[in-house]
Every structure is written in C-alpha cells, then in structure tokens.
Amino acid sequence: MEKIEINKLFKDSLVQTNMRRATFDRLQIRPQVNYRGRTQDEVFFQKQDGANVEFEIVRRMDFEPEGVFEITVVFNVRRVLNDEYVNKDMDFREYLRTLTAGEFNFLCGNAFSSISLVAAQLTQSFNNVPMITPPVYCGISAKPAAETK
C-alpha cells in the first residue's frame, strides 16, 4: 500500500492533547564526572475508535552516564481521520514507522511544545535552572558516549 500523506489522512480540526503523567527523579551527582544530556521522544499508536485515532507521546530526558536526573513526560493525542479513511483498514503502528520528524510534528500538533514546557517547569522547580528542550519531535538527539570523539 502506498503511503498516505499525513496532511490528507487527518482533518485540519483541533488536535486534542492531554497530559497523562510526568515524573522527575533526582539522581546522585558524582564529582569530576562529565554528564551528557539525552532527550528521546517516542510516539505510540493507542487505539482507533471510528474516526478518532489516539497516540501516546513519551519524552524521556536523562544523562550518560546515569546521574543528575531522569524525567518522563507522557501526553495523549487524539486526531480525527478524514472521511475517506474512516473505514479503511490501516495499520497505524506500521504507519508511524514511516514518518519523518516533520510529519511527527504535524501528527502531534503542539503537544511537543507542551511537553517541553512541562520539562522546563520540573527542572526549574527542582534545580532552579530550567532545562529547555526543543518544542518539536526529538527522536534520539544524542549519540551514545561510545560513538563520540
């Protein structure tokens, strides 16, 4: 089956988002250790109910090596299919595997901005310095330490 353009798959109506949970765990900081921050986003298909399709976004922020803190922010996103795709048998899990970063941003609306804001508020509350992450789909934004030079 040919890939359907994401801007044709869903209606232009409001993208519904809601926060499911946010966790912030402080970890030990070891002196003389250089920590490298990592931000990773994942988008998962949850369910389809008629024309409504729900996805879950999970942003994880942590450090390599493990330390400082770990943050997980989870949002749900609901989109409405265009009428011509409502009764089609689509494998949304497989469809997500074909999306580019820009297409994830379109799919999830402003959810990544909200996630970035929540993460900044959590780090400001506990560390007094807000850690600002990109308000867009990040994928895996840092290479493992073994791959750096």
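- Under the rule for a salt bridge (Lys or Arg N to Asp or Glu O under 4.0 Å), Arg30 has no partner lying at least two apart in sequence or in another chain.
- Under the 3.5 Å distance criterion, the side-chain polar atoms of Asn52 are left unmatched by any main-chain donor or acceptor of Gln48.
- Residues passing the ring pair (Phe, Tyr, Trp, His ring centres under 6.0 Å) test with Phe63, sequence neighbours excluded: Phe69.
- Counting non-hydrogen atoms of neighbouring residues, nucleotides and ligands closer than 6.0 angstrom, the CG atom of Asn18 exceeds 12 such neighbours.
- Partners of Lys11 under the side chain to side chain donor-acceptor pair (under 3.5 Å) rule, at least two apart in sequence or in another chain, are Asp83.
- Salt bridge status for Glu42 with Arg59: absent, with no side-chain N to carboxylate O gap under 4.0 Å.
- For the atom pair OG1 (Thr17) and CG (Asn76), the distance works out to 9.5 Å, reported to the nearest 0.5 Å.
- In terms of modelled atom types and a separation under 3.5 Å, the side chain of Lys3 and the main chain of Thr98 share a donor-acceptor contact.
- A salt bridge between Glu64 and Arg36 is absent, with no side-chain N of the basic residue lying under 4.0 Å from a carboxylate O of the acidic one.
- Remark: Glu70 engages no residue in a salt bridge (Lys or Arg N to Asp or Glu O under 4.0 Å) (not counting sequence neighbours).
- The ring pair (Phe, Tyr, Trp, His ring centres under 6.0 Å) check on Phe104 picks up Tyr137, with sequence neighbours excluded.
- Residue Phe44 is found in a hydrophobic cluster whose other members, listed by chain and number, are Val58, Val74; membership requires side-chain heavy atoms under 4.5 Å apart, directly or through intermediates.
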